[in-house]
Amino acid sequence: MTENSRFKRLSSGRDYIADNYLESFSLTDAANNSFMSPFHFSRIFKENYGETPNEFLIRLRIEKAKQMLITENYSVSEICERVGYMSLGSFSSLFLKHVGMPPTSYRRTLWKLSSEPFRYPLQAIPACYAYHFLRKPVN
Amino acid sequence: MITSIAHATIYVLNQDEALDFYKNKLGFEVGDDMKMEGGFRWLTVYPKSKSQLQLVLAEPKEGPMFTKDSAEKIRSLIEEGAFGAGVFETENCQKTYEELVAKGVEFIQPPTEQLYGIEAMGIDNSGNWFSLVQR
């Protein structure tokens with residue numbers, strides 16, 4: 001099998017995760033989508049993308065949760081379910097590990113900084129860009 | 001010591017259309033798509049790879065940085081093809097070129113042997129040039 005063909009299959013499994021990350025699904029399904037065993041899929045995935053399929057899945061879910069916490073009015077429990085987690089405890093632990101603060105603190109902190117409801121504060125993006133596009137000193 | 005580059009800016013004519021191009025034609029992923037206070041949209045994309053670099057797709061608009069005249073001049077320069085988006089790497093230039101052509105991506109140079117590898121040159125849907133390089 002050519003390198004390009006293997007990468008295409010791998011990419012197909014990655015796309016499967018990206019397309020279904022909000023649902024409850026097994027990473028075995030993603031591996032099947034690449035016509036690889038879960039072990040092989042995981043190893044090749046890490047080699048090519050620098051993260052395991054599970055780390056990729058968690059990253060997508062946490063990023064989506066961060067967005068929903070700022071731009072939506074759902075409760076943390078609702079967001080937990082909407083990003084594909086069944087257990088609020090697991091979700092909160094993962095969020096804390098990846099973001100550095102619990103979901104409620106993240107929401108409270110960013111909402112407090114923003115001058116408009118459901119919009120990100122300027123402090124959420126690199127200051128050089130905030131200054132460049134909005135010319136507002138950031139603290 | 002600076003260890004990597006995190007963000008680089010590409011000025012585009014329309015963020016929605018640029019997002020469609022970079023995501024659905026080039027196959028990039030969306031990093032951030034955030035509505036900021038003040039109405040600014042922070043939109044970043046990145047290739048599916050280990051790369052940490054995110055491309056900020058920004059529209060030149062009248063605002064703190066640009067006067068209306070400056071923004072219009074930049075938009076005009078983008079349309080004229082005066083700006084480059086950068087160099088995108090691939091493991092197989094010919095194959096990727098063919099895939100992108102099939103998706104409707106415009107190229108101004110097919111894969112060609114260069115001193116540094118095989119390179120094709122394309123244009124995004126705003127007018128920014130980019131190189132597609134196999135090293």
Side-chain angles (χ1 to χ4, degrees), chain A residues 2-8 10-19 21 45-53 55-56 59-60 62-64 66-72 110-138, chain B residues 4-12 15 23-24 26-67 70-71 74 89-99 102 134:
Chain A
T2 66
E3 194 67 21
N4 199 60
S5 160
R6 190 178 72 162
F7 187 76
K8 259 194 161 169
L10 179 67
S11 185
S12 168
R14 192 175 194 270
D15 288 344
Y16 181 85
I17 297 173
D19 291 341
Y21 75 95
F45 196 104
K46 171 93 177 176
E47 272 176 25
N48 281 273
Y49 300 122
E51 60 189 345
T52 65
E55 287 167 344
F56 176 55
R59 181 163 65 81
L60 291 177
I62 295 297
E63 285 304 316
K64 185 66 181 176
K66 282 167 67 182
Q67 185 187 51
M68 292 177 84
L69 282 162
I70 303 307
T71 61
E72 308 282 353
L110 269 72
W111 273 4
K112 195 176 171 186
L113 286 169
S114 180
S115 61
E116 295 173 45
F118 306 113
R119 292 283 177 103
Y120 283 87
L122 298 180
Q123 288 87 342
I125 63 172
C128 62
Y129 283 99
Y131 185 81
H132 187 95
F133 292 106
L134 297 151
R135 197 168 299 214
K136 186 175 176 182
V138 291
Chain B
S4 65
I5 300 175
H7 294 90
T9 307
I10 299 176
Y11 283 110
V12 298
Q15 284 180 309
K23 185 180 172 189
N24 299 321
L26 297 193
F28 283 25
E29 282 177 356
V30 179
D32 292 316
D33 189 357
M34 296 158 42
K35 293 270 170 43
M36 311 296 299
E37 56 181 330
F40 173 65
R41 183 181 181 190
W42 173 250
L43 177 63
T44 70
V45 294
Y46 60 95
K48 296 173 185 174
S49 69
K50 293 177 188 174
S51 169
Q52 299 293 307
L53 176 64
Q54 299 212 8
L55 299 176
V56 181
L57 303 178
E59 288 181 25
K61 285 180 175 171
E62 182 183 5
M65 186 52 76
F66 300 122
T67 62
S70 298
I74 291 175
E89 290 194 335
T90 175
E91 290 186 340
N92 187 325
C93 187
Q94 181 65 39
K95 190 91 178 168
T96 306
Y97 165 79
E98 287 168 9
E99 287 168 358
Q134 174 189 343

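Order of the sequence lines sets the chain letters (A, B, ...), proteins ahead of strands, with each chain counted from 1. Here the structure is a predicted model, which is why all the values come from computation and not from measurement.
- Counting only distance, with no hydrogens or angles, the side chain of A:E116 and the backbone of B:G38 share a donor-acceptor pair below 3.5 Å.
- Looking at A:F56, the atoms closer than 4.5 Å to chain B (heavy atoms on both sides) all sit in the side chain, from C-beta outward.
- Both the backbone and the side chain of B:T9 come within contact range of chain A, judged by heavy atoms closer than 4.5 Å.
- No side-chain donor-acceptor contact under 3.5 Å links B:E37 to the backbone of A:S114.
- In this structure, the side chains of A:E63 and B:D32 come closer than 4.5 Å at one or more pairs of heavy atoms.
- Residue B:M36 holds its CE atom at 4.5 Å from CD1 of A:I125, rounded to the nearest 0.5 Å.
- No part of A:T71 comes within reach of chain B, as not one of its non-hydrogen atoms sits under 4.5 angstrom from that chain.
- Proximity to chain B (any heavy atom under 4.5 Å) is shown, for A:L10, by neither the backbone nor the side chain.
- Here the closest non-hydrogen pair linking B:D33 and A:Q67 is O-NE2, 3.3 Å.
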TODO: Test ring-ring contact (aromatic ring centres under 6.0 Å, His included) on B:W42 and A:Y129 and set out the steps.
DONE: CA-CA 9 Å; B:W42 173 250; A:Y129 283 99; 5.0 Å; yes
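- For the atom pair CZ (A:R119) and CZ (B:R41), the distance works out to 11.0 Å, reported to the nearest 0.5 Å.
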